[in-house]
Every structure is written in C-alpha cells, then in structure tokens.
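What follows is one structure encoded as structure tokens, with my remarks underneath.
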Amino acid sequence: MHEESIAILILWALVFAYSILGSIDFGTGFWSMIYMKRNSTAGDIANRYLSPTWELTNTFLVFVVVAFIGFFPNAAYSLATAMFVPVTLILALIAVRSSFMVFSHSFPSSEQQLRFIAGITGLLVPALLITVLPVTEGSFVQMIGGKETLMYKQLLSSPSVYSYMLFGLTSALFLSALFLADFSRERGDEKAYRIYRINAIILGPATLLSAVIALVSVSIQGNARWLLSNLADEILWFAVSLGLFVIGYAALWWSNKGYKELGWPRVAVLSVVAQYAFASYAYGKAHLPYIIFPDVTMYTSFTQKTTFYSLLILYAVGIAILLPGFIMFWNLFLKDRTFAGDKKE
Amino acid sequence: MDTVTLSRSFFGTSLAFHIIFATLGIGLSLMILLMEVLYQWKKDPDYAVMAKRWTKAFAILLGVAIPTGTIVGVQLALLWPGFVKIVGQVISVPFQIEIFAFFLEALFMSIYVYAADKLSPFMRLLSVFFVMLGATASAVLITAANTWMNTPAGFSMREDGTIFNVNPWEAFFNPSFFSGSFHVVITAYLSGGAVIAAIAGYKLLKRNQTAHEIAYHKKGLMLALVVTLISGLIMGMSGHESAINLYEHSPEKLAAAEGVFETTSHAPLTIGGIVDPDTQEVKYGLEIPWALSILADWKPSTVVKGLEEFPRETWPPAYTHLFFNLMVFAGMLQLAIAAIALAYWYLIARKRNAQFPSWLLSAIVALGPLAFIGIETGWIFSCSGRQPWTIYQFQRTTEAATQADYVGPLFFVFICLYVFLGVLTVIVLRTFFRRNPLNRDLKAYGGKSNA
Ligand code: HDD
Ligand code: HEM
Ligand code: HEM
C-alpha cells in the first residue's frame with residue numbers, strides 16, 4: 001500500500017470514530033435536556049454518561065484536526081480557507097455547549113436554562129459539521145483571486161445541504177438513543193430503557209429516510225455527478241450496510257428472557273455502528289482520490305515521508321500506553337452498575 | 001484593520017484567554033497532587049477537604065480550558081493556513097503527542113473526579129499524578145511547537161517555499177526547546193502556588209471565622225507559599241537561561257527586549273522607560289551599567305548585538321521592551337512576597353503563635369493577579385517579539401495569515417464570547433463555594449484537624 005493510502009485509512013478511522021462518539025455525545029446532551037424535567041431517570045442516565053465522557057469525545061475532535069494537518073497539510077490549508085466561517089461558528093457553539101454543561105452541574109438554581117442551551121447548541125454542531133461533506137464534494141467552493149472561497153449564497157440556498165444537515169441530526173439522535181438504551185439496560189434501569197428504545201424505534205427509519213433524501217437531492221441538483229457515479233460502484237458495501245441496519249433494528253424486538261422488556265440493545269448498537277462503518281467506508285472510497293474536488297487530492301497534499309513515519313510510530317506507542325487507561329475507564333464508568341446506579345456523585 | 005492585523009489580534013485574544021485556564025490546569029493539578037500526598041502522609045483530613053474543594057474548582061475551570069483549547073487548536077489552522085501547511089510537514093509530532101497527553105489528562109481527570117470514592121488511596125494518588133503529568137506534558141509539547149517557531153530547525157526550504165530534508169525530531173528538540181518548555185512549566189507551577197496562596201490570604205483577611213477554618217486556610221497558605229518560593233527561585237534561573245538563549249539564537253528579540261540599538265560590550269540593562277525607535281534610545285529608563293552583558297555571558301566584555309545590525313523592517317515592535325519588563329517585574333515581585341511572608345512566619349509568627357498581619361496578607365492576595373500578569377505579558381513578549389516572522393527567518397506573518405472574509409465580525413463575536421464565559425465562570429465558582437461552605441465539608445470529614 002502507498003503511504004498516502006495508509007494515511008487516508010487512519011484519517012477515515014478517526015473521522016468515523018469521532019462521528020460515532022460525537023453523535024452519541026451531542027445526541028445525549030439533547031436527551032438530557034428533553035428528559036430533565038419530564039422523566040428524571042432517563043435524564044439521569046443521559047447525564048451519567050455525559051459527565052465523564054464529553055472530555056474524551058472532545059479530544060477526539062482535536063485528534064481528527066491534528067491528524068488531518070499532519071497527514072495532508074495542503075488539504076488542511078485549502079479546507080481551512082474555504083470553511084473559515086462555518087468552522088469558526090462550530091467552535092463558538094462547542095465552547096458554549098461544553099462550558100454550560102459543566103456549569104450546570106455546579107449551578108443547580110439555573111440548571112434548567114443551562115442544560116437547555118447546552119442541548120440546543122450541541123445539536124447545531126453535528127448539523128454544521130456535516131456541511132464539510134458537500135464542501136469537499138466541490139459543489140460550493142470556487143477559486144477566486146487565487147484563494148478557495150465558499151459560495152455562501154449557493155450553499156445556503158441548496159436543498160442538498162439541508163438534507164445533509166437533516167441526516168446529521170437524525171443520526172445523532174438515533175445513535176444516542178440506541179446507545180442510551182443499551183447503557184440503561186447495563187445499569188439495570190428498565191424504565192429508561194423503555195423510553196430510549198421507543199426513541200430509537202422512531203428514529204431508525206428516519207435516519208434511513210434522510211440518507212435517501214440526501215442522496216436524491218444531490219442527484220437532482222446534479223452538482224456532484226462525479227461522486228454519484230462513484231457511489232454507484234460501491235453498491236455492494238451499501239447493501240451490506242443496509243443489511244446490518246435491518247439486523248440492528250430487528251434486534252430491538254427480539255425477546256430477551258433475562259428482562260421484562262423486548263430487545264437486545266447491545267446487538268442493535270453494534271450492528272448499527274457496523275452499518276455506519278460500512279457506509280462511511282464506501283462513501284470514502286467513492287470520494288477518492290479527491291479530498292476537495294477537483295483540485296486537492298490525497299497525492300498532491302500528502303505530508304513529508306519522514307514526518308509520516310514518525311507519526312505512524314507515535315500512533316502505535318500512544319495507543320499502547322493509553323489502552324490500559326481506556327480499559328480502566330470503561331470498567332469504571334460504562335460497566336460498573338454500582339457506580340451507574342448510585343445517586344449524585 | 002486589514003485581515004492580517006485582525007487575524008493577529010483574534011489569535012492573540014483567543015490564546016490570552018485560553019492560557020488563563022490552561023495555566024491554572026497545570027498549576028492546580030500540581031497543588032492538588034501535593035494536597036493528596038500531604039493527606040496520605042500526615043493523615044490530616046483538612047488536606048483531603050482542600051484537595052476535594054480545589055478539585056471541584058479545577059473541574060469547573062476545565063470546562064472552559066478544554067473548549068478554549070479546542071478553539072485555539074483549530075484556529076491555528078483557520079487563521080494561519082500558510083503556517084499550518086509547514087507545521088503539518090515539519091512539526092506535527094509534538095501536536096500529535098499532545099493529543100495523547102490530553103487523553104491521559106482527560107481519562108484520569110474523569111476517573112479522579114467521578115469515581116474518587118471507588119478508588120484505593122494509592123489509585124487516587126496515581127490518578128492525580130497522571131492528571132498533573134498530562135497537563136504538564138501538554139504544556140511542554142505545545143511549547144515545543146512555539147520554540148520551533150522562534151528557533152526553527154529540522155528542515156530546509158527551497159526558493160519557492162517548498163520543504164525538503166525534514167527531520168521531525170530535530171525540529172522537536174530545536175535549540176530553545178529545553179529552556180523554553182522548562183520556563184513555561186515552572187512558571188505554571190509558580191502560578192498555581194501563587195493563586196492558591198492569594199485565595200487563602202483573602203480568606204484569612206476575613207473576620208468571623210471559626211478557629212478550624214483559620215487553621216485550614218493557614219495550612220493551604222503555607223503549602224502554597226512554599227511552592228511559590230521554590231518555583232520562584234527556579235523560575236529566576238530558568239528565565240535567565242531563556243535570556244541567554246535569546247542572546248545566542250534571536251539577537252534582535254533580545255535587543256528589542258532591552259532597547260539596545262547599538263552593538264556594544266559592557267551593555268547596560270534598562271529597566272522601565274519608553275523605547276523610541278526613531279531617536280534610537282530609551283527614555284526615562286533606569287540603567288544598570290554592564291548588567292546586560294553580564295547576564296548574557298557572565299562577563300562585562302560580552303558584546304551584545306544592537307538593532308542597528310538588522311534591517312529596520314525586521315525589528316520587533318518597540319513595545320516588547322515593556323512586556324518583557326512587566327514579566328520580569330511580576331516574577332521578581334512574586335518571589336519577594338513569598339520570601340518575605342515565609343521569613344515573617346519563620347522569624348516571628350511561628351514563635352509567638354501569631355497571625356499574619358493584614359498588610360502582609362494583602363500583599364499575598366496580590367500574588368494572584370501578579371501570576372497572570374507574568375504569564376500574559378511573557379507570552380505577548382514571546383509572540384510579538386518574533387514579529388515580523390511567524391517562523392523566524394522562514395515565514396512572515398503576512399504569508400501565514402488567512403485571506404478569508406469575515407474575520408472581523410467573527411472576532412467581535414468571540415470577544416463577546418470570552419467576556420461572557422469569563423464572567424460566567426466567576427459567577428459559577430462563587431455560587432458553588434457559597435452553596436457548599438467550607439464548614440460543612442470540614443464537619444463531613446469528622447471535624448478533627450491536626451492543627
Ligand atoms: C509567571 C510568569 C513568568 C515570570 C514570572 C517570568 N516569566 Fe519569562 N516567560 C513566561 C512567563 C514568566 C512565559 C509566559 O512562560 C514565556 C512566554 C513564552 C515562553 O516560552 O515562556 C516567557 C518567556 C521568557 C523569555 C523569552 C523566551 C523566547 O521568547 O524565546 C525570556 C527571555 C524570559 N521569559 C525571561 C524571564 C526572566 C529573566 C524572568 C524573571 C526572573 C522571567 N522570565 C519571569
Ligand atoms: C503555552 C501555552 C499553552 C498551554 C500551557 C496549554 C495547556 C493546556 C492545558 C493544560 C489544557 C487542558 C487539557 C485537558 O485537560 O485536556 C489545554 C487544552 C487544550 N489546548 Fe492548550 N495550552 C497552551 C496553548 C495552546 C495552543 C497554542 C494550542 C493550539 C495550537 C492549544 C491547544 C489546546 C487544545 C486543542 C486543548 C483541548 C484539548 C482537549 O480537547 O481535551 N493550547 N491546553
Ligand atoms: C498561550 C499563550 C500565548 C499568547 C498569549 C500568545 C499571544 C500571541 C499574540 C499577541 C500574537 C500576535 C503577535 C503580533 O502580531 O504581534 C500571537 C501570534 C501567534 N502565536 Fe502566540 N501566544 C501564545 C502562545 C502560542 C503558542 C504556544 C504558539 C504555538 C503553537 C503560538 C503561535 C502563534 C502563531 C502561529 C501566531 C501568529 C503568527 C505570528 O504572529 O507570528 N502562540 N500570539
């Protein structure tokens with residue numbers, strides 16, 4: 001394999017990991033807001049997941065940015081210029097969201113308002129983040145006076161951008177509901193489980209629908225033809241992805257002897273994550289070799305070889321050192337019933 | 001303002017805001033570690049209460065440190081795309097390791113904060129230790145990138161700006177890496193001590209406190225003063241090391257810092273005053289003969305280069321002299337206050353079992369603001385003193401900056417954001433500690449104290 005291909009694979013893996021973690025994170029913030037008053041156990045479950053994990057999720061976002069700069073510096077240059085305004089806005093939203101979430105723990109008298117703002121701003125982030133996709137597809141960037149310029153008018157009036165946003169939103173809500181269903185069961189809270197299962201059941205088809213809408217609107221608008229024809233070549237991967245969705249969705253109805261409620265949430269989470277993995281891989285493959293269509297490819301923007309190999313070694317060493325910490329973390333927060341079960345810290 | 005100036009102001013503002021919380025993250029994690037160690041060692045529950053309360057403050061501050069860090073991290077690419085193009089090829093290694101340091105800190109911070117009661121004492125200590133290690137490492141690593149901008153190494157550049165011959169590790173361990181990162185870490189520890197001393201001093205100034213509360217604040221104060229004194233002494237030496245480094249590698253920065261225009265031996269050190277680049281002199285400054293030459297290389301005959309040796313258009317801005325002076329002044333004053341307070345305690349208060357007088361406590365309260373004056377002016381000195389270069393002698397700031405539209409309006413939005421977050425942080429901290437008074441925490445731990 002070429003160095004470029006290894007680099008892009010690692011980058012995909014990171015983007016994929018962040019899109020799952022980020023969706024769960026931002027979605028959970030939303031559920032925490034919704035259920036804060038109406039249903040305290042469902043709200044509690046959401047918070048209990050969020051408190052110890054949002055920092056790690058946020059670090060993944062920075063990881064993606066740093067890996068992108070390290071592997072494809074020229075692409076980082078072009079994307080940073082084109083995406084200056086949307087990404088700066090995302091940063092402001094993230095700042096408000098994270099700090100309000102932390103503040104809400106220490107400020108009980110205004111907890112409701114703080115969590116409300118955290119929930120809303122958090123939900124805007126995935127919607128804005130996903131606009132990176134149409135932009136890298138080349139539809140809304142033009143070289144003007146030697147610099148990449150985002151065509152705001154076209155961007156804001158394009159139905160395909162909004163359908164992408166819808167897809168980002170429904171995905172965040174679906175993934176987080178599914179994950180929280182599993183987390184509730186792990187903790188032994190069947191009441192919260194019931195709520196999140198229903199949410200997942202409603203949102204599953206909605207994500208599928210919004211994905212189809214996005215695809216259709218891109219093809220009607222016809223500004224990313226190159227991508228559509230490439231996507232058609234990857235039909236097999238998408239079929240597998242769809243199959244995994246069906247399995248995962250059905251798992252919410254399988255009877256489970258150990259519990260009163262129907263469903264195997266663990267199976268559902270794992271297969272839906274696999275569903276997204278296959279679909280993302282297929283999308284990524286169809287996107288190659290372009291990072292930003294049509295000028296920036298993975299070959300023209302690749303970093304220096306010595307830097308690449310240093311980074312590769314660092315990844316191996318870093319993961320080896322951090323793995324025990326992650327395992328300890330997982331055992332403490334996501335497995336342990338006594339922790340998840342007790343009242344406020 | 002043009003886009004480049006706006007970008008510079010925007011980035012400087014973001015960093016100036018981030019560095020407050022980042023420095024506290026490093027300094028406080030050291031202090032919390034020391035409190036935990038003292039608790040295990042002396043079995044005095046007051047230290048456990050102290051660690052617990054400061055951890056709460058730390059967690060709140062982290063709620064701003066992390067998003068603002070995310071802001072500066074991404075803004076590096078957004079505002080300086082030209083710079084990041086070179087960063088990616090040459091100096092991405094420290095940024096990458098820094099991610100692992102963040103993970104380390106975030107993992108163990110969550111473990112320490114949210115699972116403290118499930119950990120054995122040893123695991124608790126280990127968790128705080130890793131938090132401190134992660135925070136310190138992130139400072140060292142980001143400074144590696146910054147020192148590389150000041151003294152670039154590990155690559156060559158062709159006429160057309162393309163890069164070749166890259167050695168990422170040589171770039172990492174550039175000539176000012178050790179002196180620079182050591183200085184940053186030690187001043188962060190200094191600031192942690194200074195801030196805790198200031199708060200304890202502030203509490204001791206208040207009346208109507210129980211004997212136990214007074215004893216508690218005194219323990220915090222003594223610990224913090226000792227840390228301030230020790231790190232202050234090391235800070236002085238490391239600052240000197242940094243100055244020598246400037247003498248060797250960035251002579252025009254040193255010349256601007258000291259307002260030296262003519263190359264000369266027996267160069268004086270000028271304290272204060274206003275640098276006037278047109279008349280090429282420092283007005284109203286206090287001159288200490290020979291001192292600069294001696295500082296640079298231990299003998300009065302050392303020749304210090306003046307700005308006249310460099311083309312006028314690459315002179316750093318004249319105000320770097322002011323910022324450099326402010327930094328050194330803030331450092332010296334902190335050291336002096338800590339030394340006087342500890343001497344007073346050793347010679348007088350300890351023997352007569354007396355309290356600190358209020359003039360001394362007021363001076364101790366000033367340690368807090370002084371710490372931040374030192375940090376902020378130090379960084380502004382370092383970053384502005386590098387102008388007009390972003391990468392010294394390789395890339396100018398104008399070549400690094402973005403050409404994107406709407407930098408100005410977004411800068412305005414972010415100023416509002418920072419003011420808002422800063423005010424809110426103070427309100428949240430105050431409300432939290434008012435709702436959870438010290439007395440209640442002290443009682444919860446049995447109310448005993450080994451005072
Ligand atoms: C509380 C903070 C603080 C204090 C009291 C001092 N410094 Fe400092 N100094 C910093 C905080 C700082 C800093 C913020 O950490 C800087 C900015 C960039 C850097 O590398 O460290 C810095 C940079 C810096 C530099 C420039 C390095 C460069 O740009 O390459 C020099 C020469 C000194 N310092 C010297 C001193 C001296 C002689 C001090 C007094 C004894 C002193 N500093 C006290
Ligand atoms: C010397 C100046 C700086 C120091 C001492 C410093 C230190 C820190 C510390 C202690 C944190 C909290 C880490 C955590 O708890 O996870 C932090 C966060 C962060 N800093 Fe800074 N920082 C500095 C400047 C910068 C600069 C210039 C950048 C970017 C170019 C940056 C990027 C970040 C990022 C991305 C985070 C968030 C990490 C996360 O998401 O967990 N920092 N910094
Ligand atoms: C955290 C404390 C810091 C503060 C308060 C600070 C402050 C500033 C200021 C005021 C400027 C504008 C300089 C001018 O135009 O006169 C600037 C520029 C800059 N700084 Fe720093 N800085 C800090 C740390 C860092 C670090 C750790 C890095 C390295 C990664 C860094 C990288 C830059 C870059 C790339 C620029 C823009 C290009 C340039 O003006 O040279 N800064 N900073």
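- Neither side chain, B/Thr143 nor B/Asn146, offers a donor N or O lying under 3.5 Å from an acceptor on the other.
- Counting heavy-atom pairs closer than 4.5 Å to chain B, the top residue among A/Leu150, A/Leu91, A/Leu311 is A/Leu91.
- Using modelled atom types and a 3.5 Å distance limit, the side chains of B/Thr390 and B/Thr397 yield a donor-acceptor pair.
- Looking at heavy atoms from C-beta onward, A/Ile8 lies out of side-chain contact with A/Phe71 at the 4.5 angstrom threshold.
- Note: B/Val93 leads B/Val93, B/Val413, B/Thr402 in heavy-atom pairs under 4.5 Å with chain A.
- Taking the side chain as every heavy atom from C-beta outward, B/Leu76 and B/Phe95 approach each other to under 4.5 Å.
- Interface remark: A/Phe100 contributes side-chain atoms only to the contact with chain B (heavy atom separation under 4.5 Å).
- Neither the backbone nor the side chain of B/Ile86 comes within contact range of chain A; no heavy atoms are under 4.5 Å apart.
- Between the side chains of B/Thr70 and A/Asn58, at least one donor-acceptor pair of N or O atoms lies under 3.5 Å.
- Contact of B/Val407 with chain A is made through backbone and side chain together, with heavy-atom distances under 4.5 Å.
- Remark: A/Phe326 CZ is packed, more than 12 non-hydrogen atoms of other residues, nucleotides or ligands lying under 6.0 Å away.
- Close placement of the A/Phe63 and A/Tyr315 rings is indicated, their centers lying within 6.0 Å of each other.
- Interface summary for chain A: among B/Asn167, B/Ile91, B/Ile163, B/Val87, the most heavy-atom pairs under 4.5 angstrom belong to B/Ile163.
- Only the side chain of A/Ala76 has a heavy atom closer than 4.5 Å to any heavy atom of chain B.
- Residue contact with chain B, scored on non-hydrogen atoms closer than 4.5 Å, involves the side chain of A/Leu89 exclusively.
- Checked against the 6.0 Å centroid criterion, the rings of A/Tyr152 and A/Phe140 do not qualify as a close aromatic pair.
- Of all heavy-atom pairs between A/Ile291 and A/Thr136, the closest is O-CB, 3.2 Å.
- Looking at B/Phe414, only its side chain comes within 4.5 Å of chain A, counting heavy atoms on both sides.
- Within the 4.5 angstrom heavy-atom criterion, only backbone atoms of B/Ala59 (N, CA, C, O) approach chain A.
- Contacts between B/Leu410 and chain A at a heavy-atom distance below 4.5 Å involve the side chain alone, from C-beta outward.
- Interface residue B/Pro81: backbone and side-chain heavy atoms are both found under 4.5 Å from chain A.
- When the candidates B/Gln89, B/Met109, B/Gln403, B/Arg435 are compared by the number of heavy-atom contacts under 4.5 Å with chain A, B/Gln89 comes out ahead.
- Note on B/Pro168, B/Ser92, B/Ala77: by heavy-atom pairs under 4.5 Å with chain A, the leading option is B/Pro168.
- Proximity to chain A is absent for every atom of B/Phe130, based on heavy atoms less than 4.5 angstrom apart.
- Only the side chain of A/Val65 comes within contact range of chain B, judged by heavy atoms closer than 4.5 Å.
- For A/Arg187 and A/Asp189, the salt-bridge test passes: some basic side-chain N is under 4.0 Å from an acidic carboxylate O.
- Only the side chain of A/Leu61 comes within contact range of chain B, with at least one heavy atom under 4.5 Å from a heavy atom of that chain.
- Judged purely by distance below 3.5 Å, without hydrogens or angles, the side chains of B/Gln75 and B/Ser14 pair a donor atom with an acceptor atom.
- Residue B/Asn436 does not touch chain A at all, counting heavy-atom pairs closer than 4.5 Å.
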In sequence, state the C-alpha distance, the side-chain angles, and the governing distance for B/Asp2 and B/Arg8, and then conclude on salt bridge (Lys or Arg N to Asp or Glu O under 4.0 Å).
-> CA-CA 10 Å; B/Asp2 62 295; B/Arg8 291 160 67 180; over 6 Å; no
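- For the set B/Gly63, B/Ala171, B/Gly154, the count of heavy-atom pairs under 4.5 angstrom toward chain A peaks at B/Gly63.
- Between A/Ala7 and A/Phe308, the shortest heavy-atom distance links the atoms CB-CE1, 3.7 Å.
- With chain B as the partner, the residue from A/Val96, A/Thr149, A/Asn74, A/Leu322 showing the most heavy-atom pairs under 4.5 Å is A/Leu322.
- Contact annotation for B/Leu417: only side-chain heavy atoms (C-beta onward) come within less than 4.5 Å of a heavy atom of chain A.
- Residue B/Phe108 touches chain A through its side chain alone, counting heavy-atom pairs closer than 4.5 Å.
- Of the listed residues A/Thr53, A/Ile69, A/Ile319, the one with more heavy-atom pairs under 4.5 angstrom with chain B than any other is A/Ile69.
- At least one test fails for B/Arg53 against the ring of B/Phe433: distance under 6.0 Å to the centre or angle within 45° of the axis.
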